[in-house]
Colleague: 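Okay, handing you the structure first.
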Amino acid sequence: MGSLAQFAYEELREQLITLELPPGQPLHEAELGKSLGVGRTTIREAFRRLECDYLIVSHPRRGTFATNVDLAELSEVTEVRILLEPLAARRAAKSASPQLREEIRQRADFLDKLDPSTDERTLMRHDMAVHRLIYQAAGNSRLEEMLVRYDNLATRIWCYLLDKLPSVASHIKENAALLRAIADGDEARASSLAEDNITEFETVVRKVL
């Protein structure tokens with residue numbers, strides 16, 4: 001896939017995950033192409049990938065829309081993530097390259113210094129960056145692809161409820177310990193902290209449902 005199509009896909013994916021493109025909103029190729037500075041063919045390519053990610057849906061003769069956030073999916077999303085996130089963390093702790101371990105340590109240092117008053121959606125982008133770094137370090141492209149999709153869905157749920165949830169800053173800063181366990185090669189601790197992360201996410205969300 002060309003760089004423009006990849007750019008359009010990643011930009012639209014982030015806007016859909018953080019709900020800058022709200023659930024149910026019609027998505028028009030021409031308008032989105034103009035906002036991103038790309039052509040309609042490029043937007044169509046991005047749409048095909050976003051539909052596979054369950055972030056958009058196309059209806060014949062009606063158009064393309066951002067998918068709704070279905071809170072009933074929380075249990076199913078958690079069921080998958082609680083199995084696969086610890087696996088990814090354990091694999092990352094075992095197999096990450098020296099270069100990635102250094103990047104992981106730098107990300108942990110960044111989280112330690114993160115200003116808790118940072119805009120909530122910016123904080124969520126930092127959280128996504130943490131998870132994607134772990135998935136990359138796990139060194140299994142199939143596992144990475146699946147986890148990115150489920151993390152996207154979980155993040156959309158979180159963003160949908162941001163106004164009801166307590167500040168997410170402390171939850172995100174806690175990821176520093178997970179990152180350091182991975183960088184240090186501590187497979188058991190990395191796996192345990194990843195599982196705790198998923199359990200805490202569901203507990204916090206269910207309190208406001």
Side-chain angles (χ1 to χ4, degrees), residues 1-81 84-85 88 118-136 141-165 167-168 171-172 198 201-202 204-206 208-209:
M1 179 172 290
S3 58
L4 276 180
Q6 182 68 21
F7 162 75
Y9 166 69
E10 291 177 355
E11 286 292 315
L12 293 175
R13 182 179 67 179
E14 183 169 304
Q15 290 179 37
L16 288 159
I17 293 169
T18 60
L19 309 188
E20 292 174 54
L21 291 171
Q25 176 170 310
L27 304 175
H28 303 292
E29 294 172 0
E31 290 178 7
L32 292 173
K34 184 177 180 180
S35 70
L36 297 178
V38 299
R40 295 178 69 164
T41 300
T42 299
I43 295 296
R44 287 192 198 106
E45 290 181 28
F47 275 7
R48 281 194 284 271
R49 293 184 66 184
L50 293 166
E51 193 157 16
C52 291
D53 292 338
Y54 313 113
L55 294 174
I56 67 173
V57 60
S58 296
H59 299 291
R61 295 181 297 279
R62 285 182 55 203
T64 301
F65 303 83
T67 54
N68 291 319
V69 175
D70 186 355
L71 299 177
E73 291 182 348
L74 177 61
S75 293
E76 294 180 357
V77 170
T78 300
E79 187 176 27
V80 174
R81 294 182 76 218
L84 298 185
E85 292 274 354
T118 301
D119 170 79
E120 297 279 301
R121 281 186 166 74
T122 299
L123 289 172
M124 294 311 301
R125 291 188 184 95
H126 291 316
D127 188 65
M128 285 191 289
V130 166
H131 287 285
R132 278 150 181 68
L133 183 57
I134 294 171
Y135 306 156
Q136 179 188 0
S141 60
R142 297 297 183 185
L143 178 63
E144 179 179 5
E145 180 181 1
M146 183 176 295
L147 276 171
V148 165
R149 285 181 178 172
Y150 277 92
D151 184 61
N152 290 346
L153 297 176
T155 303
R156 284 190 96 215
I157 291 173
W158 199 308
C159 288
Y160 186 75
L161 297 170
L162 271 180
D163 293 340
K164 298 179 180 179
L165 292 168
S167 173
V168 299
H171 171 78
I172 293 169
I198 304 306
F201 165 76
E202 181 165 26
V204 170
V205 169
R206 288 206 176 279
V208 301
L209 292 181

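Remember, predicted model here, so these are calculated numbers, not experimental data.
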Colleague: Mind checking the CG-CG spacing from Leu32 to Leu36? Nearest 0.5 Å is all I need.
Modeller: 6.5 Å

Colleague: With side chains defined as the heavy atoms from C-beta onward, is the minimum distance between Arg62 and Pro26 less than 4.5 Å?
Modeller: no

Colleague: Out of curiosity, Gln6 CD to Glu45 CD, how far, rounded to the nearest 0.5 Å?
Modeller: 10.5 Å

Colleague: For the OH atom on Tyr160, are there more than 12 heavy atoms of other groups (residues, nucleotides or ligands in this structure) within a distance under 6.0 Å?
Modeller: no

Colleague: Just so I know, are the side chains of Val168 and Asp127 near enough to count as touching, which here means a heavy-atom distance under 4.5 Å?
Modeller: no

Colleague: Find the distance between CZ (Phe47) and CG (Leu27) and round it off to the nearest 0.5 Å.
Modeller: 5.0 Å

Colleague: According to the side-chain hydrogen bond (donor to acceptor under 3.5 Å, both in side chains) rule, which pairs have a member within residues 64-73, sequence neighbours left out?
Modeller: Ser58-Thr64, Thr67-Arg156

Colleague: Below 4.5 Å, heavy atoms only, C-beta onward: do Val130 and Ile172 meet side chain to side chain?
Modeller: no

Colleague: Could you tell me the separation between the CD atom of Glu120 and the CG atom of Asp163, rounded to the nearest 0.5 Å?
Modeller: 9.0 Å

Colleague: Look up atom CZ in Phe201 and atom OG1 in Thr155, then write down how far apart they are to the nearest 0.5 Å.
Modeller: 7.0 Å

Colleague: Out of curiosity, Leu21 CG to Glu11 CD, how far, rounded to the nearest 0.5 Å?
Modeller: 10.5 Å

Colleague: Work out which heavy atom in Val208 is nearest to a heavy atom in Leu165; give both atom names and the distance.
Modeller: CG2-CD2, 3.7 Å

Colleague: Minimum heavy-atom separation for Arg132 and Ile17, please, with both atom names.
Modeller: NH2-CD1, 4.2 Å

Colleague: A side-chain contact here means heavy atoms from C-beta on lying under 4.5 Å apart; do Arg44 and Arg40 qualify?
Modeller: yes

Colleague: So, do Leu143 and Tyr135 sit near enough that their side-chain heavy atoms are less than 4.5 Å apart?
Modeller: no

Colleague: Has the side chain of Arg121 got a donor or acceptor atom that lies under 3.5 Å from a matching backbone atom of Thr18?
Modeller: yes

Colleague: Picking from Arg13, Arg48, Arg149, what satisfies salt bridge (Lys or Arg N to Asp or Glu O under 4.0 Å) with Asp53?
Modeller: Arg149

Colleague: Please determine whether the number of non-hydrogen atoms from other residues, nucleotides or ligands lying under 6.0 Å from atom CG of Asp119 exceeds 12.
Modeller: yes

Colleague: Walk me through whether Glu20 and Arg125 qualify under salt bridge (charged side-chain N to carboxylate O under 4.0 Å, His left out).
Modeller: CA-CA 12 Å; Glu20 292 174 54; Arg125 291 188 184 95; 2.2 Å; yes

Colleague: Looking only at heavy atoms, what is the nearest atom pair of Ala88 and Leu147, with distance?
Modeller: CB-CD1, 3.6 Å

Colleague: More than 12 foreign heavy atoms under 6.0 Å from CD of Glu76: is that the case here?
Modeller: no

Colleague: Should the heavy atoms of other residues, nucleotides or ligands under 6.0 Å from CD of Glu79 be counted, would the total exceed 12?
Modeller: no

Colleague: Flag the pair Leu161 / Val69 as yes when at least one side-chain heavy-atom distance between them is below 4.5 Å, and no otherwise.
Modeller: no

Colleague: Would you sort out whether Leu55 and Leu12 count as a side chain to side chain contact (heavy atoms under 4.5 Å, CB included), showing the intermediate values?
Modeller: CA-CA 10 Å; Leu55 294 174; Leu12 293 175; over 6 Å; no

Colleague: At their closest point, which heavy atom of Ala66 faces which heavy atom of Pro22, and how far apart are they?
Modeller: CB-O, 3.3 Å

Colleague: Considering non-hydrogen atoms only, spot the tightest contact between Cys159 and Leu19 and give its length.
Modeller: C-CD1, 3.8 Å

Colleague: Does any non-hydrogen side-chain atom of Leu84 lie less than 4.5 Å from one of Tyr150?
Modeller: no

